[in-house]
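Here the structure is laid out as structure tokens; the discussion comes afterwards.
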There are 2 protein chains.
Amino acid sequence: MTTLASTAAVLRCFSATRSSITVTEAASLLALPKSNTSRLLRAMRDAGLLETIGESKRYRPGALLLGLGQSFRSASSLVNRADAVVARLVAAIGHTGYVSIRDGNAVSGVTYHPGSNALHVATPVGRPLPAHSCATGRSMLARMTDDQVRALFAEPWAPVSRTAPQDIAELLDRLRKVRAVGYAESHDEANRGVGAIACAVGAPETGETVSLCIAYPIATVTAAERKDIIRRLLAGARDVAALVGDAAWASQATALAPAA
Amino acid sequence: MTTLASTAAVLRCFSATRSSITVTEAASLLALPKSNTSRLLRAMRDAGLLETIGESKRYRPGALLLGLGQSFRSASSLVNRADAVVARLVAAIGHTGYVSIRDGNAVSGVTYHPGSNALHVATPVGRPLPAHSCATGRSMLARMTDDQVRALFAEPWAPVSRTAPQDIAELLDRLRKVRAVGYAESHDEANRGVGAIACAVGAPETGETVSLCIAYPIATVTAAERKDIIRRLLAGARDVAALVGDAAWASQATALAPAA
DNA sequence: CCGAGGTGTTCCACTTTATGGAACTTGAAT
DNA sequence: ATTCAAGTTCCATAAAGTGGAACACCTCGG
């Protein structure tokens, strides 16, 4: 285990449910001796990757890492524009929205806008979600070829719920539908009780792809409201696509325009 | 230079104006041989810290880091972050510091750090001051539009001192200067005999705005010391802004130094 | 007041990894 | 085809990281 691999492993320990970590916790999670873990965490803190909370005992991600996401956001016009659109949609709709990116077969959020409704999806995708079982993931997978998706999910997976894709065949089938309608939808899958609509947009110049997503509590959203979310999200995604020059949306612009 | 230090140094290369990096750029910025830099970036990519853009040439931060930044930005509040910075400044400078919030046309302190100098400002926390006649107030007012400020101060006020703004026109004029230099300053206004420097930072996601302030006895502070306070306060405000994603400060380069 | 059980740190011989100069490959422009 | 810069690989040397065990430091409860 190189220092770099251990460092990344430590960072992967953090999640929405674990915002700080101790030497013993990390040693247990990484299956490393306490001595190494102690030195590793201290070295990471000295390097600015982590910071200690009180005097010294618990570690959490440091300013360097927290600032990185922010500076990337303002440097990437795609994320920036997508975020602006999501912010506008959230203000209009009241449900939670976020912008996500894919890393291998997982997706994680990069910006987040809590909804204004009393009941809204609170915890964003702080922890990476499996790309096959969330709307954001499938919206981005739909931009790849079937062969690429097969390569990404060579191993079978345990279904996360009854409504989630059970195997690669069902996933590919659902991706075909995503390509046809322009958006991906999840219903009570990786996030239980949560429904989500997502559209993916790519910037040809930088090779980035992001997903714009609106997530809502299934119980409170009517069919009409769902249609409205889809309409607004498609329009927003088209706006972003036009700004960054995403050919996929330009060619489908008219076909995707819903009648109502 | 340990691997960890090099890793952190690479991450520090990324900023609002540099969202991706090449081997040669990194080698030049870090003053490392190309051979090491080549291996380092590749190792960081293999660990998931970076990702390559096309086939292989430019590197950018990976989803692991961007996701971490996002899910922890809101984990610690704006006030806590600002308070930590003020505490650090107070320890370094010796003068009193506090974090304030605005409520309508008044501001009040929410945290307070007494200076270590024998003669220091001891303003009670919680006592509201008129926003037009203190540095904290004007630093936050400067983030609003002139129309919003006019609406807030529709009624004329009795000047609190000869150096304080006498009317709305003078206030707006001084707010313009605050916007230009990035900090607000008061001199013998609502608090007699006291000078203060303040910077305001806002969290876009929650809409909060706070002001970081250093207050000192006018009689004991030299011009050089005042300049030093301004320099440190601006740097501290920039750090907080980078953490919470305040776009107003993003245009200026951020020095996220490791814990020294 | 003392000891048990937990966490975290330090020590040290040993092993793996990183280092950097030079040679080599690649790619694109001329 | 030639050139130049970017990027990678090679290899002996130097510098890290490694892990077991001993040690330090807590907090409880007897």
Side-chain angles (χ1 to χ4, degrees), chain A residues 1-15 17-62 64-65 75 203-208, chain B residues 1-15 17-62 64-65 72 75 84 257-260:
Chain A
M1 193 92 141
T2 67
T3 306
L4 216 41
S6 303
T7 298
V10 167
L11 296 183
R12 281 182 227 281
C13 291
F14 294 106
S15 69
T17 56
R18 194 197 313 277
S19 62
S20 67
I21 203 170
T22 64
V23 169
T24 310
E25 282 171 13
S28 159
L29 288 166
L30 308 191
L32 282 179
K34 280 194 307 174
S35 54
N36 292 343
T37 311
S38 173
R39 281 175 304 218
L40 176 62
L41 293 186
R42 183 149 32 93
M44 287 176 72
R45 182 194 44 143
D46 292 344
L49 298 177
L50 301 180
E51 60 189 24
T52 43
I53 293 186
E55 273 312 297
S56 122
K57 55 177 180 183
R58 300 201 71 88
Y59 292 84
R60 68 179 170 204
L64 174 58
L65 297 181
E205 285 177 14
T206 62
E208 298 171 277
Chain B
M1 195 92 135
T2 67
T3 306
L4 215 41
S6 303
T7 298
V10 167
L11 297 183
R12 276 180 233 286
C13 292
F14 295 106
S15 68
T17 57
R18 195 200 316 275
S19 64
S20 68
I21 203 169
T22 65
V23 168
T24 308
E25 282 171 12
S28 160
L29 287 165
L30 307 191
L32 282 179
K34 280 195 307 176
S35 55
N36 291 343
T37 311
S38 172
R39 282 174 303 216
L40 175 62
L41 292 186
R42 183 149 34 93
M44 287 175 71
R45 187 202 49 181
D46 292 345
L49 299 178
L50 301 181
E51 60 190 25
T52 43
I53 292 186
E55 272 313 296
S56 119
K57 53 178 181 188
R58 300 199 71 88
Y59 292 84
R60 68 179 168 216
L64 172 59
L65 298 180
F72 281 84

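Each chain gets a letter, A, B and so on, in the order its sequence line appears, and its residues count up from 1.
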Problem - Terminal axis angle for the helix from dC1(C)-dG30(D) to dT30(C)-dA1(D), five pairs an end, nearest 10 degrees - result: 40°
Problem - side-chain contact (heavy atoms from CB on, under 4.5 Å), paired with Ser20(A), selected from Glu25(A), Arg58(A), Lys57(A) - result: Arg58(A)
Exercise for the section: Applying side chain to side chain donor-acceptor pair (under 3.5 Å), name anything that partners Ser35(A), two or more places apart in sequence or on another chain. Expected result: none
Practice task
Using a 4.0 Å heavy-atom cut-off across all strands, classify Thr37(A) as base, sugar-phosphate, or nothing.
Solution key: nothing
Handout entry: side chain to side chain contact (heavy atoms under 4.5 Å, CB included) partners of Ala9(A), counting only residues at least two apart
Key = Met1(A), Leu30(A)
Handout entry: Under 4.0 angstrom between Ser38(B) side-chain N/O and dG7(D) OP1 or OP2
Key = no
Handout entry: Side-chain N,O (Arg42(A)) to OP1/OP2 (dT10(C)) below 4.0 Å
Key = yes
Problem - Within-4.5 Å side-chain heavy-atom neighbours: Leu11(A) and Leu49(B) - result: yes
Fill in the blank from the handout: Between OH of Tyr59(B) and P of dA6(D) the distance, given in whole Å, is 15 Å
Exercise for the section: Identify, with sequence neighbours excluded, every residue that meets side chain to side chain contact (heavy atoms under 4.5 Å, CB included) alongside Glu51(A). Expected result: Arg60(A), Arg81(B)
Exercise for the section: May I ask you to decide if Cys13(B)'s main-chain N or O and Arg18(B)'s side chain share a donor-acceptor pair within less than 3.5 Å? Expected result: yes
Problem - Smallest separation among heavy atoms of Ala43(B) and Leu4(A), with atom names - result: CB-CD2, 3.4 Å
Practice task
Report the distance from atom CD1 of Ile21(B) to atom P of dG7(D), rounded to the nearest whole Å.
Solution key: 11 Å
Handout entry: Letter per nucleotide, 5' to 3', of nucleotides 16-30 of chain C [B base touched, S only sugar-phosphate touched, - untouched; heavy atoms, 4.0 Å]
Key = --SBBB---------
Exercise for the section: For Ser28(B), check side chain to side chain contact (heavy atoms under 4.5 Å, CB included) against everything at least two apart and list the hits. Expected result: none
Handout entry: Atom-to-atom span, CG of Leu50(A) to P of dG8(C) - whole angstrom
Key = 14 Å
